[in-house]
Amino acid sequence: MTDQSIIDKIRKENYVYKISEAFSHSHYIEPLSFKLIGFIHDVYRYLEPSHFKGKLIIYATLDDTIPLDIDLSDKLYDKGILINDGSDIIVLQYFNNESQCPLIWKNTQYTSLLNSNNVILYFYENMIECFHANQIKIEIFNSFLSASIYALQYHALQEALNRYKTEKISCSSCSIFDKSWSDAKTRIFFKNKPEEVMQISIKEFLSSALRGVDVVREYTLGASKPVDVRVYWKEANRAALIELKWLGQSKREDGELSQNYSNHRACEGLEQLKNYLDLAYKDTPTCISKGYLLVIDGRRKGTNIKSLSSINAYDGLFYKGTELDFSKANKYFDTIVGFERPIRMFAEPICV
Amino acid sequence: MENLITPEAFFDTLSLGHKLDSFLDGFKIEEIFLFSYFSSILYLHDGKPLSEWPHKYTVAKSYPFSTQLNEAINRHLQNGLFENKNDFFLISGRGVDEFNKFKELSSFAGREKYLNAASSTSILVPYSKTLRALLSEPEIKKVEDLDNQSWLLQSDIYKKFSEISLLVGIDSESLIIPAVTWIDYLYEKGKE
(Lines give C-alpha, C1' and ligand atoms only; values in the text may rest on other atoms or scores of the structure.)
Protein backbone atom coordinates (compact mmCIF):
# COMPACT_ATOMS: atom_id res chain seq x y z
CA MET A 1 0.00 0.00 0.00
CA THR A 2 1.47 3.39 -0.96
CA ASP A 3 1.55 6.23 1.51
CA GLN A 4 -1.04 8.02 -0.60
CA SER A 5 -3.51 5.13 -0.47
CA ILE A 6 -2.98 4.89 3.30
CA ILE A 7 -3.61 8.62 3.61
CA ASP A 8 -6.82 8.23 1.58
CA LYS A 9 -7.92 5.39 3.82
CA ILE A 10 -7.18 7.40 6.96
CA ARG A 11 -9.14 10.36 5.60
CA LYS A 12 -12.06 8.04 5.00
CA GLU A 13 -11.95 6.05 8.24
CA ASN A 14 -10.40 8.22 10.95
CA TYR A 15 -13.57 9.18 12.78
CA VAL A 16 -11.76 11.36 15.33
CA TYR A 17 -10.43 13.51 12.53
CA LYS A 18 -13.80 13.59 10.78
CA ILE A 19 -15.63 14.74 13.90
CA SER A 20 -13.15 17.57 14.24
CA GLU A 21 -13.47 18.39 10.55
CA ALA A 22 -17.28 18.51 10.82
CA PHE A 23 -16.89 21.40 13.21
CA SER A 24 -14.13 23.07 11.16
CA HIS A 25 -11.51 21.89 13.68
CA SER A 26 -12.80 24.23 16.37
CA HIS A 27 -10.53 23.99 19.37
CA TYR A 28 -13.31 22.95 21.78
CA ILE A 29 -14.40 19.92 19.74
CA GLU A 30 -11.46 17.67 20.44
CA PRO A 31 -11.67 17.80 24.25
CA LEU A 32 -15.46 17.46 24.11
CA SER A 33 -15.42 14.49 21.75
CA PHE A 34 -12.66 12.84 23.80
CA LYS A 35 -14.70 13.22 26.99
CA LEU A 36 -17.82 12.00 25.23
CA ILE A 37 -15.99 8.88 24.03
CA GLY A 38 -14.74 8.32 27.57
CA PHE A 39 -18.37 8.48 28.71
CA ILE A 40 -19.39 5.97 26.00
CA HIS A 41 -16.72 3.60 27.34
CA ASP A 42 -18.19 4.07 30.82
CA VAL A 43 -21.73 3.35 29.62
CA TYR A 44 -20.52 0.17 28.01
CA ARG A 45 -19.13 -1.00 31.31
CA TYR A 46 -22.79 -1.53 32.21
CA LEU A 47 -24.46 -2.20 28.90
CA GLU A 48 -23.20 -4.96 26.63
CA PRO A 49 -23.98 -3.85 23.07
CA SER A 50 -24.15 -7.38 21.67
CA HIS A 51 -26.97 -8.11 24.14
CA PHE A 52 -28.81 -4.84 23.58
CA LYS A 53 -31.57 -4.97 20.98
CA GLY A 54 -32.59 -1.32 20.89
CA LYS A 55 -31.12 1.96 19.75
CA LEU A 56 -28.56 3.69 21.95
CA ILE A 57 -27.94 7.41 21.48
CA ILE A 58 -25.32 9.24 23.50
CA TYR A 59 -24.80 12.91 22.75
CA ALA A 60 -23.46 16.19 23.98
CA THR A 61 -24.25 19.73 22.90
CA LEU A 62 -21.47 22.22 22.36
CA ASP A 63 -22.88 24.60 24.94
CA ASP A 64 -24.47 22.06 27.32
CA THR A 65 -28.00 23.18 26.40
CA ILE A 66 -30.68 20.46 26.58
CA PRO A 67 -32.58 20.16 23.29
CA LEU A 68 -34.90 17.34 24.38
CA ASP A 69 -37.75 17.69 26.84
CA ILE A 70 -36.05 17.75 30.24
CA ASP A 71 -39.32 16.87 31.99
CA LEU A 72 -39.23 13.45 30.35
CA SER A 73 -35.67 12.74 31.48
CA ASP A 74 -34.11 11.31 34.60
CA LYS A 75 -30.70 11.97 36.05
CA LEU A 76 -28.31 9.10 35.41
CA TYR A 77 -26.65 8.75 38.80
CA ASP A 78 -26.32 5.00 38.64
CA LYS A 79 -25.36 3.48 35.30
CA GLY A 80 -26.28 0.13 36.81
CA ILE A 81 -29.85 0.78 35.67
CA LEU A 82 -28.66 0.19 32.11
CA ILE A 83 -27.89 -3.46 32.77
CA ASN A 84 -30.45 -5.64 31.02
CA ASP A 85 -32.49 -2.56 30.04
CA GLY A 86 -34.95 -3.66 27.39
CA SER A 87 -35.97 -0.21 26.11
CA ASP A 88 -36.30 0.25 22.38
CA ILE A 89 -34.51 3.57 22.56
CA ILE A 90 -32.13 4.86 25.21
CA VAL A 91 -30.93 8.46 24.88
CA LEU A 92 -28.21 9.82 27.14
CA GLN A 93 -26.96 13.40 27.29
CA TYR A 94 -23.43 13.99 28.53
CA PHE A 95 -22.36 17.42 29.71
CA ASN A 96 -19.04 19.07 29.05
CA ASN A 97 -19.43 20.60 32.48
CA GLU A 98 -18.84 17.42 34.44
CA SER A 99 -20.50 18.78 37.55
CA GLN A 100 -23.79 18.25 35.71
CA CYS A 101 -25.21 14.77 35.99
CA PRO A 102 -25.87 13.00 32.65
CA LEU A 103 -29.55 12.71 31.68
CA ILE A 104 -31.41 9.68 30.40
CA TRP A 105 -34.55 9.41 28.27
CA LYS A 106 -36.21 6.15 27.36
CA ASN A 107 -38.24 5.56 24.22
CA THR A 108 -38.21 9.21 23.30
CA GLN A 109 -38.02 10.93 19.91
CA TYR A 110 -34.43 11.80 19.15
CA THR A 111 -34.35 12.52 15.40
CA SER A 112 -34.26 16.30 15.89
CA LEU A 113 -30.80 15.83 17.37
CA LEU A 114 -29.51 14.55 14.05
CA ASN A 115 -30.39 17.84 12.38
CA SER A 116 -28.77 20.08 14.94
CA ASN A 117 -25.50 21.89 14.31
CA ASN A 118 -24.94 22.09 18.03
CA VAL A 119 -24.74 18.35 18.67
CA ILE A 120 -22.16 15.62 18.57
CA LEU A 121 -24.00 12.33 18.78
CA TYR A 122 -23.05 8.65 18.99
CA PHE A 123 -25.53 6.11 17.64
CA TYR A 124 -25.58 2.33 18.11
CA GLU A 125 -28.02 -0.20 16.75
CA ASN A 126 -27.61 -3.87 15.92
CA MET A 127 -23.81 -4.07 15.77
CA ILE A 128 -23.50 -0.82 13.78
CA GLU A 129 -22.22 2.38 15.32
CA CYS A 130 -21.56 5.87 14.01
CA PHE A 131 -21.33 9.50 14.99
CA HIS A 132 -23.40 12.44 13.81
CA ALA A 133 -21.46 15.67 14.08
CA ASN A 134 -22.90 18.96 12.91
CA GLN A 135 -25.47 17.00 10.85
CA ILE A 136 -22.78 14.92 9.14
CA LYS A 137 -22.92 11.16 9.57
CA ILE A 138 -19.53 9.64 10.37
CA GLU A 139 -19.13 5.90 10.19
CA ILE A 140 -17.02 3.97 12.67
CA PHE A 141 -15.12 1.19 10.95
CA ASN A 142 -15.02 -1.86 13.17
CA SER A 143 -12.88 -4.75 12.02
CA PHE A 144 -13.07 -6.48 15.40
CA LEU A 145 -15.23 -9.34 16.60
CA SER A 146 -17.26 -7.03 18.77
CA ALA A 147 -20.47 -5.08 18.59
CA SER A 148 -18.69 -1.83 19.46
CA ILE A 149 -15.09 -0.67 19.44
CA TYR A 150 -15.78 0.79 22.87
CA ALA A 151 -16.78 -2.50 24.49
CA LEU A 152 -14.00 -4.95 23.82
CA GLN A 153 -14.04 -7.18 26.89
CA TYR A 154 -15.48 -10.22 25.16
CA HIS A 155 -13.44 -9.49 22.07
CA ALA A 156 -10.31 -9.60 24.23
CA LEU A 157 -11.45 -12.94 25.65
CA GLN A 158 -12.13 -14.34 22.19
CA GLU A 159 -8.70 -13.20 21.01
CA ALA A 160 -7.10 -14.74 24.09
CA LEU A 161 -8.88 -18.06 23.49
CA ASN A 162 -7.73 -18.07 19.88
CA ARG A 163 -4.17 -17.51 21.07
CA TYR A 164 -4.55 -20.22 23.68
CA LYS A 165 -5.65 -22.60 20.95
CA THR A 166 -2.76 -21.92 18.59
CA GLU A 167 0.04 -21.05 21.00
CA LYS A 168 -0.65 -23.37 23.91
CA ILE A 169 -2.85 -26.32 22.95
CA SER A 170 -2.08 -27.18 19.34
CA CYS A 171 1.43 -28.42 20.18
CA SER A 172 0.92 -28.72 23.95
CA SER A 173 3.28 -25.77 24.45
CA CYS A 174 1.67 -24.92 27.78
CA SER A 175 3.75 -26.67 30.43
CA ILE A 176 0.67 -27.15 32.60
CA PHE A 177 -1.49 -28.55 29.82
CA ASP A 178 1.36 -30.85 28.80
CA LYS A 179 0.80 -32.70 32.08
CA SER A 180 -2.64 -33.79 30.91
CA TRP A 181 -1.10 -36.49 28.70
CA SER A 182 -0.48 -40.02 29.85
CA ASP A 183 2.83 -39.86 28.01
CA ALA A 184 3.89 -36.34 26.97
CA LYS A 185 6.45 -37.81 24.57
CA THR A 186 3.74 -39.24 22.31
CA ARG A 187 0.56 -37.35 23.28
CA ILE A 188 -1.67 -40.23 22.20
CA PHE A 189 -3.70 -40.81 25.38
CA PHE A 190 -4.82 -38.34 27.98
CA LYS A 191 -4.08 -39.36 31.55
CA ASN A 192 -7.02 -40.43 33.66
CA LYS A 193 -9.24 -37.47 34.63
CA PRO A 194 -7.17 -34.72 33.01
CA GLU A 195 -9.87 -32.07 33.63
CA GLU A 196 -8.22 -30.44 36.62
CA VAL A 197 -4.92 -29.90 34.81
CA MET A 198 -6.74 -28.46 31.82
CA GLN A 199 -8.74 -26.09 34.01
CA ILE A 200 -5.59 -24.85 35.72
CA SER A 201 -3.94 -24.34 32.34
CA ILE A 202 -6.73 -22.17 30.96
CA LYS A 203 -7.11 -20.30 34.24
CA GLU A 204 -3.42 -19.40 34.35
CA PHE A 205 -3.40 -18.38 30.71
CA LEU A 206 -6.44 -16.12 30.93
CA SER A 207 -5.24 -14.55 34.19
CA SER A 208 -2.11 -13.36 32.45
CA ALA A 209 -3.70 -12.54 29.08
CA LEU A 210 -6.65 -10.39 30.20
CA ARG A 211 -6.68 -7.08 32.03
CA GLY A 212 -8.85 -6.31 35.01
CA VAL A 213 -10.21 -9.80 35.49
CA ASP A 214 -10.60 -12.36 38.22
CA VAL A 215 -10.42 -15.88 36.88
CA VAL A 216 -11.88 -18.53 39.17
CA ARG A 217 -11.86 -22.27 38.72
CA GLU A 218 -14.82 -24.44 39.74
CA TYR A 219 -17.18 -21.51 40.23
CA THR A 220 -20.41 -22.51 41.92
CA LEU A 221 -23.65 -21.11 40.55
CA GLY A 222 -26.04 -22.89 42.82
CA ALA A 223 -25.70 -25.98 40.66
CA SER A 224 -24.61 -29.29 42.05
CA LYS A 225 -21.62 -29.17 39.71
CA PRO A 226 -19.72 -25.89 39.35
CA VAL A 227 -18.80 -24.33 36.01
CA ASP A 228 -15.18 -25.08 35.13
CA VAL A 229 -13.88 -21.52 34.83
CA ARG A 230 -15.45 -18.11 35.36
CA VAL A 231 -13.85 -14.90 34.13
CA TYR A 232 -15.14 -11.78 35.82
CA TRP A 233 -14.31 -8.24 34.73
CA LYS A 234 -14.25 -6.27 37.96
CA GLU A 235 -14.62 -2.86 36.32
CA ALA A 236 -17.07 -3.85 33.62
CA ASN A 237 -19.76 -5.93 35.24
CA ARG A 238 -19.26 -8.79 32.82
CA ALA A 239 -18.57 -12.46 33.22
CA ALA A 240 -17.76 -15.38 30.98
CA LEU A 241 -18.67 -18.92 31.98
CA ILE A 242 -16.32 -21.41 30.40
CA GLU A 243 -17.17 -25.09 30.26
CA LEU A 244 -14.28 -27.29 29.26
CA LYS A 245 -14.69 -30.69 27.62
CA TRP A 246 -12.00 -32.98 26.32
CA LEU A 247 -12.37 -35.57 23.58
CA GLY A 248 -10.15 -38.58 23.10
CA GLN A 249 -9.02 -41.64 24.99
CA SER A 250 -7.69 -41.49 28.53
CA LYS A 251 -5.52 -44.04 30.24
CA ARG A 252 -5.09 -44.93 33.88
CA GLU A 253 -1.72 -45.07 35.62
CA ASP A 254 -1.83 -48.87 35.58
CA GLY A 255 -1.97 -48.73 31.78
CA GLU A 256 -5.63 -49.67 31.40
CA LEU A 257 -7.79 -47.58 29.09
CA SER A 258 -10.41 -45.52 30.89
CA GLN A 259 -12.73 -42.87 29.37
CA ASN A 260 -13.23 -42.48 25.66
CA TYR A 261 -15.04 -39.28 24.74
CA SER A 262 -16.18 -38.29 21.28
CA ASN A 263 -18.51 -35.76 19.67
CA HIS A 264 -21.36 -36.64 22.06
CA ARG A 265 -19.32 -35.29 24.96
CA ALA A 266 -19.29 -31.85 23.34
CA CYS A 267 -23.10 -32.00 23.00
CA GLU A 268 -23.31 -32.73 26.74
CA GLY A 269 -21.14 -29.67 27.29
CA LEU A 270 -23.63 -27.50 25.44
CA GLU A 271 -26.48 -28.75 27.63
CA GLN A 272 -24.46 -28.13 30.76
CA LEU A 273 -23.48 -24.65 29.64
CA LYS A 274 -27.10 -23.81 28.90
CA ASN A 275 -27.98 -24.73 32.50
CA TYR A 276 -25.10 -22.65 33.85
CA LEU A 277 -26.17 -19.61 31.85
CA ASP A 278 -29.75 -19.98 33.08
CA LEU A 279 -28.45 -20.16 36.65
CA ALA A 280 -26.16 -17.19 36.13
CA TYR A 281 -29.03 -15.03 34.91
CA LYS A 282 -31.01 -16.11 37.97
CA ASP A 283 -28.19 -15.87 40.55
CA THR A 284 -26.54 -12.71 39.28
CA PRO A 285 -29.05 -10.79 37.16
CA THR A 286 -27.03 -7.60 37.54
CA CYS A 287 -24.01 -9.15 35.85
CA ILE A 288 -23.79 -9.57 32.07
CA SER A 289 -22.76 -13.13 31.22
CA LYS A 290 -21.73 -15.03 28.14
CA GLY A 291 -21.11 -18.76 27.89
CA TYR A 292 -18.21 -20.46 26.13
CA LEU A 293 -17.73 -24.15 25.47
CA LEU A 294 -14.09 -25.07 24.93
CA VAL A 295 -13.51 -28.51 23.47
CA ILE A 296 -9.98 -29.83 23.70
CA ASP A 297 -9.85 -32.42 20.99
CA GLY A 298 -7.26 -35.15 21.52
CA ARG A 299 -8.97 -37.78 19.38
CA ARG A 300 -6.77 -40.18 17.40
CA LYS A 301 -7.70 -43.07 15.16
CA GLY A 302 -7.16 -46.57 16.52
CA THR A 303 -6.58 -45.84 20.19
CA ASN A 304 -8.46 -48.90 21.41
CA ILE A 305 -5.14 -50.70 21.87
CA LYS A 306 -3.81 -49.90 25.31
CA SER A 307 -0.24 -50.80 24.41
CA LEU A 308 -0.13 -48.31 21.55
CA SER A 309 3.11 -46.39 22.06
CA SER A 310 3.52 -44.56 18.76
CA ILE A 311 1.22 -43.16 16.12
CA ASN A 312 1.61 -42.23 12.49
CA ALA A 313 0.46 -38.91 11.02
CA TYR A 314 -2.61 -40.40 9.32
CA ASP A 315 -4.04 -41.83 12.56
CA GLY A 316 -2.72 -39.10 14.81
CA LEU A 317 -4.14 -36.21 12.80
CA PHE A 318 -7.23 -38.07 11.59
CA TYR A 319 -9.60 -35.77 13.52
CA LYS A 320 -7.64 -32.56 13.09
CA GLY A 321 -9.98 -31.20 10.44
CA THR A 322 -13.16 -32.81 11.76
CA GLU A 323 -15.50 -30.16 13.05
CA LEU A 324 -17.94 -30.94 15.84
CA ASP A 325 -21.39 -31.98 14.82
CA PHE A 326 -24.36 -30.68 16.81
CA SER A 327 -28.03 -31.39 16.35
CA LYS A 328 -30.31 -28.45 15.70
CA ALA A 329 -31.77 -28.72 19.20
CA ASN A 330 -28.27 -28.41 20.70
CA LYS A 331 -27.31 -25.33 18.77
CA TYR A 332 -28.05 -22.85 21.54
CA PHE A 333 -25.34 -20.61 20.14
CA ASP A 334 -27.66 -19.87 17.21
CA THR A 335 -30.64 -18.98 19.36
CA ILE A 336 -29.57 -17.69 22.77
CA VAL A 337 -28.01 -14.27 23.20
CA GLY A 338 -24.71 -14.64 25.04
CA PHE A 339 -24.27 -18.31 24.14
CA GLU A 340 -21.12 -18.25 22.07
CA ARG A 341 -20.13 -20.68 19.34
CA PRO A 342 -18.07 -23.62 20.73
CA ILE A 343 -14.33 -23.43 20.24
CA ARG A 344 -12.61 -26.68 19.31
CA MET A 345 -8.90 -26.86 20.03
CA PHE A 346 -7.18 -29.80 18.42
CA ALA A 347 -4.15 -31.01 20.40
CA GLU A 348 -1.73 -32.75 18.09
CA PRO A 349 0.16 -35.94 18.95
CA ILE A 350 3.85 -36.47 18.21
CA CYS A 351 3.73 -38.62 15.10
CA VAL A 352 6.33 -41.05 13.87
CA MET B 1 23.06 4.23 47.79
CA GLU B 2 19.75 4.26 45.97
CA ASN B 3 19.57 5.66 42.46
CA LEU B 4 18.22 9.16 42.19
CA ILE B 5 14.86 9.35 40.47
CA THR B 6 14.48 12.33 38.15
CA PRO B 7 11.34 14.39 38.85
CA GLU B 8 10.15 13.95 35.25
CA ALA B 9 10.57 10.18 35.42
CA PHE B 10 8.71 10.14 38.72
CA PHE B 11 5.84 12.17 37.30
CA ASP B 12 5.63 10.66 33.81
CA THR B 13 5.44 7.10 35.06
CA LEU B 14 2.81 8.00 37.63
CA SER B 15 0.77 9.91 35.06
CA LEU B 16 0.96 7.20 32.40
CA GLY B 17 0.23 4.50 34.98
CA HIS B 18 -2.85 6.43 36.07
CA LYS B 19 -4.12 6.94 32.51
CA LEU B 20 -3.45 3.42 31.26
CA ASP B 21 -5.01 1.90 34.36
CA SER B 22 -8.06 4.10 33.95
CA PHE B 23 -8.45 3.42 30.21
CA LEU B 24 -7.40 -0.24 30.08
CA ASP B 25 -8.00 -1.60 33.61
CA GLY B 26 -4.33 -2.34 34.21
CA PHE B 27 -1.04 -1.92 32.44
CA LYS B 28 2.28 -3.60 31.80
CA ILE B 29 5.52 -1.89 32.72
CA GLU B 30 6.73 -1.94 29.13
CA GLU B 31 3.56 -0.10 28.08
CA ILE B 32 4.66 2.84 30.22
CA PHE B 33 7.93 2.94 28.27
CA LEU B 34 6.06 2.67 24.99
CA PHE B 35 3.67 5.54 25.68
CA SER B 36 6.45 7.67 27.14
CA TYR B 37 8.40 7.18 23.91
CA PHE B 38 5.28 8.04 21.89
CA SER B 39 4.89 11.18 24.03
CA SER B 40 8.40 12.22 23.04
CA ILE B 41 7.41 12.08 19.33
CA LEU B 42 4.42 14.30 20.07
CA TYR B 43 6.71 16.65 21.97
CA LEU B 44 8.90 17.03 18.88
CA HIS B 45 5.86 17.39 16.63
CA ASP B 46 4.78 20.26 18.86
CA GLY B 47 7.98 22.09 17.94
CA LYS B 48 9.91 21.36 21.12
CA PRO B 49 13.62 20.38 21.00
CA LEU B 50 14.51 16.76 21.64
CA SER B 51 17.36 17.89 23.91
CA GLU B 52 14.73 19.04 26.40
CA TRP B 53 12.95 15.69 26.56
CA PRO B 54 14.29 14.15 29.75
CA HIS B 55 14.30 10.45 28.88
CA LYS B 56 16.32 8.37 26.43
CA TYR B 57 15.27 4.98 25.21
CA THR B 58 16.84 1.76 24.02
CA VAL B 59 14.83 -1.29 22.93
CA ALA B 60 14.28 -4.37 25.07
CA LYS B 61 11.98 -7.24 24.12
CA SER B 62 10.47 -5.23 21.23
CA TYR B 63 9.48 -2.31 23.48
CA PRO B 64 11.27 0.95 24.18
CA PHE B 65 13.12 0.87 27.47
CA SER B 66 14.37 3.71 29.67
CA THR B 67 16.54 3.19 32.72
CA GLN B 68 15.29 6.41 34.37
CA LEU B 69 11.67 5.41 33.93
CA ASN B 70 12.39 1.90 35.13
CA GLU B 71 13.95 3.25 38.33
CA ALA B 72 10.90 5.41 38.91
CA ILE B 73 8.50 2.51 38.38
CA ASN B 74 10.45 0.40 40.87
CA ARG B 75 10.18 3.23 43.36
CA HIS B 76 6.42 3.46 42.83
CA LEU B 77 6.16 -0.26 43.50
CA GLN B 78 8.30 0.05 46.65
CA ASN B 79 6.20 2.96 47.87
CA GLY B 80 2.89 1.27 47.14
CA LEU B 81 1.86 3.73 44.41
CA PHE B 82 1.76 0.90 41.88
CA GLU B 83 0.50 -2.58 42.69
CA ASN B 84 1.07 -5.87 40.97
CA LYS B 85 -1.94 -8.00 39.97
CA ASN B 86 -1.34 -11.15 37.97
CA ASP B 87 0.76 -10.06 34.99
CA PHE B 88 -0.49 -6.48 35.13
CA PHE B 89 0.00 -3.43 37.31
CA LEU B 90 -2.52 -1.03 38.82
CA ILE B 91 -2.18 2.39 40.36
CA SER B 92 -3.18 2.37 44.02
CA GLY B 93 -5.46 4.90 45.69
CA ARG B 94 -2.35 6.56 47.14
CA GLY B 95 -0.84 6.60 43.67
CA VAL B 96 -3.86 8.46 42.33
CA ASP B 97 -3.66 10.94 45.22
CA GLU B 98 0.03 11.53 44.51
CA PHE B 99 -0.65 12.04 40.82
CA ASN B 100 -3.44 14.53 41.50
CA LYS B 101 -1.09 16.52 43.74
CA PHE B 102 1.84 16.53 41.34
CA LYS B 103 -0.09 17.33 38.19
CA GLU B 104 -0.92 20.75 39.61
CA LEU B 105 2.75 21.68 39.87
CA SER B 106 3.72 24.04 37.08
CA SER B 107 6.87 22.10 36.23
CA PHE B 108 4.76 19.02 35.37
CA ALA B 109 1.58 20.59 33.99
CA GLY B 110 3.20 21.12 30.59
CA ARG B 111 4.11 17.43 30.33
CA GLU B 112 0.52 16.33 30.71
CA LYS B 113 -0.34 17.56 27.22
CA TYR B 114 1.98 15.00 25.63
CA LEU B 115 1.35 12.14 28.04
CA ASN B 116 -2.38 12.67 27.71
CA ALA B 117 -2.41 12.78 23.90
CA ALA B 118 -0.24 9.66 23.65
CA SER B 119 -2.30 7.58 26.05
CA SER B 120 -5.64 8.90 24.72
CA THR B 121 -5.14 6.80 21.63
CA SER B 122 -5.82 3.72 23.74
CA ILE B 123 -9.40 4.87 24.33
CA LEU B 124 -10.10 6.24 20.85
CA VAL B 125 -8.72 3.28 18.93
CA PRO B 126 -9.12 -0.38 19.95
CA TYR B 127 -6.10 -1.05 22.11
CA SER B 128 -4.83 -4.12 20.29
CA LYS B 129 -4.63 -1.98 17.15
CA THR B 130 -2.81 0.82 19.00
CA LEU B 131 -0.33 -1.62 20.47
CA ARG B 132 0.36 -3.39 17.22
CA ALA B 133 0.80 -0.07 15.42
CA LEU B 134 3.19 1.47 17.96
CA LEU B 135 5.33 -1.66 18.17
CA SER B 136 5.69 -1.76 14.39
CA GLU B 137 7.18 1.74 14.33
CA PRO B 138 10.25 1.66 12.02
CA GLU B 139 12.73 3.18 14.50
CA ILE B 140 11.87 0.59 17.15
CA LYS B 141 12.14 -2.17 14.55
CA LYS B 142 15.48 -0.85 13.32
CA VAL B 143 17.06 -0.70 16.78
CA GLU B 144 15.59 -4.09 17.65
CA ASP B 145 17.13 -5.61 14.52
CA LEU B 146 20.52 -4.12 15.40
CA ASP B 147 20.27 -6.11 18.63
CA ASN B 148 22.51 -3.73 20.57
CA GLN B 149 22.04 -0.94 23.06
CA SER B 150 21.61 1.84 20.48
CA TRP B 151 19.42 4.77 21.48
CA LEU B 152 16.11 5.24 19.74
CA LEU B 153 16.38 8.36 17.62
CA GLN B 154 13.09 10.17 17.37
CA SER B 155 14.20 12.77 14.83
CA ASP B 156 13.49 10.76 11.64
CA ILE B 157 10.25 9.37 12.99
CA TYR B 158 8.93 12.73 14.04
CA LYS B 159 9.55 14.07 10.52
CA LYS B 160 7.49 11.22 9.10
CA PHE B 161 4.86 11.78 11.78
CA SER B 162 4.56 15.45 10.84
CA GLU B 163 4.54 14.64 7.14
CA ILE B 164 1.62 12.22 7.57
CA SER B 165 -0.33 14.75 9.64
CA LEU B 166 0.23 17.33 6.92
CA LEU B 167 -0.80 14.96 4.13
CA VAL B 168 -4.01 14.01 5.94
CA GLY B 169 -4.71 17.72 6.26
CA ILE B 170 -4.66 18.15 10.00
CA ASP B 171 -4.52 21.84 10.63
CA SER B 172 -5.61 22.00 14.23
CA GLU B 173 -3.23 22.57 17.10
CA SER B 174 -4.45 19.36 18.60
CA LEU B 175 -2.09 16.52 19.42
CA ILE B 176 -4.72 13.82 19.82
CA ILE B 177 -5.81 13.80 16.17
CA PRO B 178 -2.24 13.55 14.83
CA ALA B 179 -1.58 10.82 17.40
CA VAL B 180 -4.60 8.79 16.24
CA THR B 181 -3.66 9.42 12.60
CA TRP B 182 -0.15 8.14 13.29
CA ILE B 183 -1.60 4.97 14.85
CA ASP B 184 -3.77 4.46 11.75
CA TYR B 185 -0.77 5.02 9.50
CA LEU B 186 1.53 2.62 11.36
CA TYR B 187 -1.21 0.01 11.56
CA GLU B 188 -1.84 0.09 7.80
CA LYS B 189 1.88 0.17 7.07
CA GLY B 190 2.42 -2.77 9.41
CA LYS B 191 0.00 -4.90 7.38
CA GLU B 192 2.40 -4.86 4.44
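Here is the naming used below: chain letters follow the sequence lines, and residue numbers restart at 1 for every chain.
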- line: Heaviest contributor of heavy-atom pairs below 4.5 Å to chain A, chosen from B/L24, B/I123, B/N86, is B/I123

task: Give a yes-or-no answer on whether the side chains of B/H18 and B/K103 include a donor-acceptor pair shorter than 3.5 Å.
output: no

message: Given heavy-atom pairs under 4.5 angstrom as the criterion, report whether the side chain, backbone, both or neither of A/I40 touches chain B.
response: neither

- prompt: If you tally heavy-atom pairs under 4.5 Å against chain A, which of B/D184, B/V180, B/T181, B/V168 wins?
  reply: B/V168

query: Picking from A/Y94, A/Y44, A/Y46, what satisfies ring pair (Phe, Tyr, Trp, His ring centres under 6.0 Å) with A/F39?
result: A/Y94

- request: Can you tell which part of B/F88 gets under 4.5 Å to a heavy atom of chain A, answering side chain, backbone, both or neither?
  value: side chain

field: Pair B/H76-B/T13, side-chain donor/acceptor within less than 3.5 Å
entry: yes

query: Just checking, any donor-acceptor pair under 3.5 angstrom between side chains of B/E83 and B/S92?
result: no

message: Is A/V213 in contact with chain B via its backbone, its side chain, both, or neither, using a 4.5 Å heavy-atom distance?
response: backbone

message: Hydrogens and angles aside, do A/H25 and A/S20 bring a side-chain donor and acceptor to less than 3.5 Å of each other?
response: yes

task: Keeping the roles fixed (side chain from B/S174, backbone from B/I176), state whether a donor-acceptor pair exists under 3.5 Å.
output: yes

query: What part of B/S22 is in contact with chain A, defined as an atom under 4.5 angstrom from a non-hydrogen atom: side chain, backbone, both or neither?
result: backbone

- request: Go through the side-chain N and O atoms of B/T121 and B/Y127 and say whether any donor and acceptor fall under 3.5 Å apart.
  value: no

task: Tell me, for A/A236 versus chain B, whether the close heavy atoms (under 4.5 Å) come from the side chain, the backbone, both or neither.
output: neither

query: With no hydrogens and no angle check, do the side chains of B/Q78 and B/N74 hold a donor and an acceptor under 3.5 Å apart?
result: no

task: Could you look at A/D214 and say if it's the side chain, the backbone, both or neither that has a heavy atom under 4.5 Å from chain B?
output: side chain

- line: Cut-off 4.5 Å, heavy atoms of chain B, and the answer for A/E159 is side chain

Contacting region of A/Y17 [heavy-atom separation from chain B under 4.5 Å]: both

statement: Given B/D25, B/L90, B/L167, the one with more heavy-atom pairs under 4.5 angstrom with chain A than any other is B/D25

